[in-house]
Amino acid sequence: AQSVTQLDSQVPVFEEAPVELRCNYSSSVSVYLFWYVQYPNQGLQLLLKYLSGSTLVKGINGFEAEFNKSQTSFHLRKPSVHISDTAEYFCAVTQKGNMLTFGGGTRLMVKP
Amino acid sequence: GAVVSQHPSWVICKSGTSVKIECRSLDFQATTMFWYRQFPKQSLMLMATSNEGSKATYEQGVEKDKFLINHASLTLSTLTVTSAHPEDSSFYICSATLAGDLYEQYFGPGTRLTVT
């Protein structure tokens, strides 16, 4: 069985500061990894995904994530956040043909 | 591409009535659609998986007689909440996968259901 742990339920950060949202997964087989963003009362928007190849994945809105197989992590980073980045962020994992498993979410709160 | 819509975006209904939520893939054929439920400040919980032309597969603890799912075509799945109660109030999100693509899901914008 696969599981996803997002270690921080809330991350407050000042505008223009860097941020890292942590995600760890557990699975005994190869997985595909995703980060989604959810703005209030909206569905999920894909930020980026890791399927194979380069372990550093670049996504939309200036976000990137690094797949670390030895540490079973897929942390999301942004070098300089904006107020508009305030949202809920979900890490998710799947094996081909299986269901998406979501982490509990991290609320990013960007302060002016 | 790969746009999923939901209708309505929000609905208020009285306790005891039924409400139908539609999920459509607008520009692709979706062999599989998923229905999730999300409580405030919580993650998404998978309710069921529906494949076109067959019965939905429900997750443990989800009442299939209460949450009726129909996937009649490759572009439309519906979720009907029957005999709704206030505890059914939640945010319902659907997603769809492209035919032949088994790992990436495209999400709809969600439907806010409030039962009074």
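Order of the sequence lines fixes the chain letters, A, B, ..., with proteins taken first and strands second; residue numbering starts at 1 for each chain.
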Taking atom NE2 of His7(B) as the centre, does the number of heavy atoms from other residues, nucleotides or ligands within less than 6.0 Å exceed 12? no
Please answer: with hydrophobic residues joined when any side-chain heavy atoms are less than 4.5 Å apart, are Ile21(B) and Phe67(B) in the same cluster? yes
Quick check: do Leu100(A) and Leu46(B) have side-chain heavy atoms less than 4.5 Å from each other? no
Same cluster (ILVMFWY, side-chain, under 4.5 Å), Leu79(B) and Phe34(B): no
Under 4.5 Å from any heavy atom of chain B - which part of Gln6(A): neither
Do Val4(A) and Phe63(A) share a hydrophobic cluster (ILVMFWY, side-chain heavy atoms under 4.5 Å, transitive)? yes
If you group Ile, Leu, Val, Met, Phe, Trp and Tyr by side-chain heavy-atom gaps below 4.5 Å, do Val19(B) and Ile69(B) land in one group? yes
Taking side chain as C-beta onward, heavy atoms only, is Phe107(B) less than 4.5 Å from Gln42(A)? no
Look at the side-chain heavy atoms of Ile, Leu, Val, Met, Phe, Trp and Tyr, link any pair under 4.5 Å apart, and say whether Met109(A) and Trp35(A) land in one connected group. no
If I measure from the heavy atoms of chain A, does Thr111(B) come under 4.5 Å with its side chain, its backbone, both, or neither? neither
Between Tyr106(B) and chain A, which part of the residue has a heavy atom less than 4.5 Å away: side chain, backbone, both or neither? neither
Please check: side-chain N/O of Ser43(B) versus main-chain N/O of Gly105(A), any donor-acceptor pairing under 3.5 Å? no
Which bit of Leu46(A) is near chain B, if near means a heavy-atom gap under 4.5 Å: side chain, backbone, both or neither? side chain
In sequence, state the C-alpha distance, the side-chain angles, and the governing distance for Glu88(A) and Lys41(B), and then conclude on side-chain contact (heavy atoms from CB on, under 4.5 Å). CA-CA 9 Å; Glu88(A) 191 83 20; Lys41(B) 298 185 179 181; over 6 Å; no
Verify the neighbour count for atom NZ of Lys66(B): are there more than 12 heavy atoms of other residues, nucleotides or ligands below 6.0 Å? yes
Minimal heavy-atom distance between Gln38(A) and Phe91(B), with the atoms involved, is NE2-CE2, 3.7 Å
Under 4.5 Å from any heavy atom of chain A, what part of Gln38(B) do you find: side chain, backbone, both or neither? side chain
Would you indicate whether the side-chain heavy atoms of Glu104(B) and Phe34(A) approach each other to under 4.5 Å? yes
